[in-house]
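These numbers come from the heavy atoms of this one structure, side chains and all, not from hydrogens, waters or symmetry mates. In the text below, chain A, chain B and the rest are named by the order of the sequence lines, each starting its count at 1.
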Protein chains: 2
Amino acid sequence: MARGKDNALDAGDKVGTICRALRRAIIEQALEPGAKLPEDTLGERFGVSRTIARHALGQLAAEGLIELRRNRIAVVATPSWQEARDAFDVRIEMERLVVRQLAGRLSRAQLAELEAHVDLEDAARDGPDAVSIRLATEFHVLLAQMTNSPILIRYVSELAYRCCLTLSLYSRPHSSECAINEHRLVIAALAAGDTDRVMELMGHHLESVASRALVGPGKPHGLDLMGVLAPYAAEARDAVPARRVGRPRLRTG
Amino acid sequence: MARGKDNALDAGDKVGTICRALRRAIIEQALEPGAKLPEDTLGERFGVSRTIARHALGQLAAEGLIELRRNRIAVVATPSWQEARDAFDVRIEMERLVVRQLAGRLSRAQLAELEAHVDLEDAARDGPDAVSIRLATEFHVLLAQMTNSPILIRYVSELAYRCCLTLSLYSRPHSSECAINEHRLVIAALAAGDTDRVMELMGHHLESVASRALVGPGKPHGLDLMGVLAPYAAEARDAVPARRVGRPRLRTG
DNA sequence: CGATAGGCAATTGCATGCACTTTTCCGGGC
DNA sequence: GCCCGGAAAAGTGCATGCAATTGCCTATCG
């Protein structure tokens, strides 16, 4: 192995690791839309070179999570209201497809897994918003994964993340109460194998989430970009062995 | 710019240029599934360094057009039959969404553009298969573009390309006759603003295309990889100024 | 004759360096 | 006081070099 002696948790997929960390930071709203992501700062944070950071940014840009303009610093995407609405429309259709494929076809174990996840969401209700938002999103991703269709999984995940982003721009604080109940209803209908009903439920559920994103021109933001990233980098590999970490510059997106 | 002094046609977006060229080579089946794409050979062909070629491969992999495994040469994707079926299922849903949004909302000019495209398909009927396949695919992409929804555009394009790939693996030679007629029917229904009918038509059309991909375990293939790529590279920039082009190695996927 | 281990060529993984572009900051003019 | 212009700083675009891995080819052994 190279000199760096990475700990084995990172199975060599540095780019993937960075992507996952950034995605998570974004859906937990630690990185708000518009936040700047300079290649070299990112590289320092994760203990890799700009080349790798750049590659990761490329992937995230392909997913629509960040915006990449030539010769400009990458920023977390700031979807327009119209784009947000489009994303939700497509997402609704895709997730209806997911539950259509799943209705009546889930094993007892899978249903239990879903229930367990919703229990988790329930438990996190009093915790920080960031966590409950992430969990709510992951419920939908979990459903998609049960289809075993790589394409569906990828698209639903992407759309879910983008919609998360949207919510952080246009929606009010977040109240997950009813969302959690709706998740339970969906599980019940899936178990019952009631295809039409589960599609309806999912459609309504997503529509109601989307409708929370109706008004509000979005808040301006300013935050300590790289400081906020630290825990995500730390989680990715256990410590950042970056060779020469001076105090990271403060950026205020 | 560096020493290379590219001609101005390439607006600096080298990665995008390579992606487009490769995508096109793939959908025209000049690059068959399984064909190898070594970074440096690619770089030589397009007159860029491995860094850029690598980045392009990363993007294409994100789109599912090629497969990228660690420490291994990138290859054009070889979707399993199941993946292919999934892709078609999702695609059908997405394109129904497209025409739903479009029905009755197209301008006269847009309808004319669609007709013109189908005329092109018609004219290409006697030409090489590669061209008529590409045109058929582009009809669907064109429709998607008219929605002005970046997400829809991206997903439909991706899916259309992937399905193309599929056809080259599992389908018989290609007879575009009826497909062209179906395209015309779709246009007519769009113009009439008959939402339900156009969704039905599009669904049937895609289903019938998919059904052509039912049997056949796929043909083995062998081809002169980089030789076949030359025209695509040439089209991308007018000539390849690569510094030291020895005879490119022949690879036989 | 077939299977196998070892070595070499091909290829990827990644960091670094240099050129170019954009942004920022500062001083002078209006 | 505000706007403009120019230079320094920050950042990206890209090529190249080196280490590590893989894959192939061959010589050797059963």
By the side chain to side chain donor-acceptor pair (under 3.5 Å) test, which pairs, at least two apart or in different chains, include something from residues 141-150 of chain A?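 Every pair satisfying side chain to side chain donor-acceptor pair (under 3.5 Å) with a residue in residues 141-150 of chain A: A:S149-B:D86.
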
Rounded to the nearest angstrom, tell me the gap between atom [atom1] in [X] and atom [atom2] in [N].
| X | N | atom1 | atom2 | answer |
| --- | --- | --- | --- | --- |
| A:D40 | C:dC18 | CG | P | 16 Å |
| B:F46 | D:dG13 | CZ | P | 20 Å |
| B:L57 | C:dT12 | CG | P | 8 Å |
| A:E44 | D:dA10 | CD | C1' | 13 Å |
| A:L42 | C:dA15 | CG | P | 13 Å |
| B:E39 | C:dC14 | CD | C1' | 11 Å |
| A:I73 | C:dC20 | CD1 | P | 21 Å |
| B:I66 | C:dT12 | CD1 | P | 11 Å |

Where does the angle between the aromatic ring planes of B:F139 and B:H117 fall among parallel (under 30°), tilted (30 to 60°) and perpendicular (over 60°)?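 It falls in the tilted class, 30° to 60°.
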
Less than 3.5 Å apart, any donor N or O on the side chain of A:H140 or A:E95 sitting next to an acceptor on the other?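 Yes.
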
How long is the straight-line distance from CD1 of A:I151 back to CZ of B:R162, given to the nearest 0.5 Å?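 If we round to the nearest 0.5 Å, B:R162:CZ and A:I151:CD1 are 4.0 Å apart.
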
How long is the gap from CD on B:Q101 to CE on B:M146, to the nearest 0.5 Å?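 Result: 14.0 Å between the selected atoms.
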
Any N or O donor-acceptor pair linking the side chain of A:R50 to the base of D:dG13 at under 3.5 Å?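 It does, because a donor-acceptor pair links the side chain of A:R50 to the base of D:dG13 below 3.5 Å.
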
Side chain of A:S49 only, heavy atoms from C-beta on: which candidate in C:dA15, D:dG13, D:dA15 is closest?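 Output: C:dA15.
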
Could you go through residues 62-69 of chain B and list every donor-acceptor pair under 3.5 Å that involves a side-chain atom there, pairing it with any protein atom two or more places apart or in another chain?
residue: B:E63; atom: OE1; partner: B:R23; partner atom: NH1; Å: 2.8
residue: B:E63; atom: OE2; partner: B:R23; partner atom: NH1; Å: 2.6
residue: B:E67; atom: OE2; partner: B:T78; partner atom: N; Å: 3.3

Anything under 3.5 Å between a protein N or O and an N or O of nucleotides 22-24 of chain D, put it in a table, one pair a line.
residue: D:dG23; atom: OP1; partner: B:R72; partner atom: NE; Å: 2.5
residue: D:dG23; atom: OP1; partner: B:R72; partner atom: NH2; Å: 3.4

